[in-house]
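In what follows, a single structure is set out as structure tokens and then discussed.
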Amino acid sequence: MRKYNIAVVGATGIVGQTLLKVLREYNFPVNNLRLLASAKSAGKIIEYDGKTYIVEELTKESFNNIEIALFSAGSSVSKEFAPIAVAEGAIVIDNSSCFREDSDKGLVVPEVNFEDVKLNRLIANPNCSTIQSILPLKALDNKYGLTRVVYSTYQACSGAGVKGESDLKRTINGEKSKHFPHDISKTCIPEIDTFLNDGYSKEEIKMIKETKKMLHKPNLPVSATCVRVPVLNSHAVMIMCELDKNFTLDEVRNTLASFEGIKVLDSPKDHLYPTSIIANGTDYVYVGRIRRDLSSKNGLLLWVVADNIRKGAASNAVQIALRMVKENLI
Ligand SMILES: NC(=O)c1ccc[n+]([C@@H]2O[C@H](COP(=O)([O-])OP(=O)(O)OC[C@H]3O[C@@H](n4cnc5c(N)ncnc54)[C@H](OP(=O)(O)O)[C@@H]3O)[C@@H](O)[C@H]2O)c1
């Protein structure tokens with residue numbers, strides 16, 4: 001297989017470090033690797049596949065000869081540098097929220113809408129909570145037709161990057177919080193990203209818009225409440241959805257279990273349901289607590305857990321790139 005010159009932008013961050021780990025685990029055909037971060041990290045040494053690499057400061061010249069650029073350094077960095085990488089001839093897969101709403105760019109989860117990679121050389125990786133939710137929703141939409149979705153999230157501290165992880169550890173040790181607006185070791189916080197005038201947070205609006213875009217259903221009614229919880233890693237999402245056609249729960253379990261990327265864990269009496277502990281370090285989306293919603297016709301409740309740094313960010317990006325390589329799209 002041909003090998004590719006790859007840049008990782010934000011290589012010192014939580015997602016960047018995991019991108020490197022996943023590239024290696026997936027045996028990605030890497031030729032040259034360029035590791036980029038802010039000036040603060042320039043000169044740091046990072047090991048990859050037995051070789052040492054020196055982290056370079058990201059500049060406009062960083063993308064010379066790069067064929068695939070994986071961005072995970074926040075929206076402002078992506079906004080400035082992703083178009084430069086594309087102009088230099090690279091395929092960009094961007095973990096930030098910068099381009100997700102652009103109608104001329106794909107927002108892609110490979111098991112759900114891989115065909116959308118063809119829209120543009122710049123491909124957006126969706127929000128972490130939306131990635132894990134969209135797999136079961138797509139499986140259900142294919143079979144029964146989705147008519148409504150309501151999300152409640154329980155998001156781990158690693159979702160806020162190095163600062164979020166440190167704040168959980170710091171507050172557990174009795175120190176004051178520096179990142180979250182309250183002591184995350186002692187409370188759930190129903191505030192992720194900034195609040196808008198209608199009372200929704202930006203994170204909630206991201207989930208709503210991204211769900212409609214990936215399912216190609218602009219009129220689907222979707223709502224969301226996003227909450228940070230005192231868990232280090234792996235997000236949980238409670239999904240209430242309504243379906244067009246009637247269903248049996250056994251049929252729903254089979255439909256979900258046969259969808260690529262999903263594992264059903266649903267034996268509550270044996271204490272078997274998805275947990276962060278089970279999801280950590282894996283690339284599956286785990287679904288359990290599957291039951292009828294007693295308040296609506298054809299309503300269904302699902303508890304969905306996945307590793308937000310892996311399937312919610314790094315692994316999804318690498319899976320997009322690997323499938324593009326395999327299908328000769330790069
Ligand atoms: N954490 C998650 O669950 C998750 C999930 C999905 C998407 N994302 C997205 O992925 C991106 C990274 O998140 P993260 O959690 O990995 O954050 P993080 O741990 O804080 O890492 C941020 C990375 O960006 C680099 N960076 C910051 N400013 C830069 C600049 N001006 N120029 C070059 N590099 C710069 C940092 O380099 P230095 O070390 O030099 O500062 C670091 O490598 C964000 O857009 C985030 O929204 C995160």
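Both counts, for ligands and for their atoms, begin at 1 and track the order of listing. Side-chain atoms are counted along with the backbone in the values below, which use heavy atoms only and exclude waters and symmetry mates.
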Regarding ligand 1, does H235 bring an N or O atom to under 3.5 Å of one of the ligand's N or O atoms? no
Given N95, T12, T18, identify the one with the heavy atom nearest to atom 8 (N) of ligand 1. N95
So if I count the atoms of ligand 1 from 1 in the order they appear, which ones are less than 4.0 Å from some heavy atom of G312? 5 (C), 6 (C)
Indicate, as side chain, backbone, both or neither, the part of I14 found under 4.0 angstrom from ligand 1 when only non-hydrogen atoms are considered. both
Going by the 4.0 angstrom heavy-atom rule, the piece of A39 near ligand 1 is neither
For atom 44 (C) of ligand 1, tell me which residue out of G74, A317, G159, G13 has the closest non-hydrogen atom. G74
Among A314, G161, A37, S78, closest by any non-hydrogen atom to atom 17 (O) of ligand 1: G161
Are N95 and S72 close enough that a side-chain donor and a side-chain acceptor fall under 3.5 Å? no
To the nearest 0.1 Å, how far is atom 5 (C) of ligand 1 from its closest protein heavy atom, and which atom is that? A313 CB, 3.6 Å
Is it the case that ligand 1 has an N or O less than 3.5 angstrom from some N or O of V162? yes
For the residue pair D307 / N233, report whether a side-chain donor-acceptor contact shorter than 3.5 Å exists. yes
Checking side-chain contact (heavy atoms from CB on, under 4.5 Å) against Y4, which of I91, L33, I330 comes through? I330
Which residue and atom name correspond to the protein heavy atom nearest atom 23 (C) of ligand 1, and how close is it? S72 O, 3.7 Å
Say whether G10, considering both its backbone and side-chain N or O atoms, lies within less than 3.5 Å of an N or O atom on ligand 1. yes
Side-chain heavy-atom pair M207, V222 within 4.5 angstrom cut-off: no
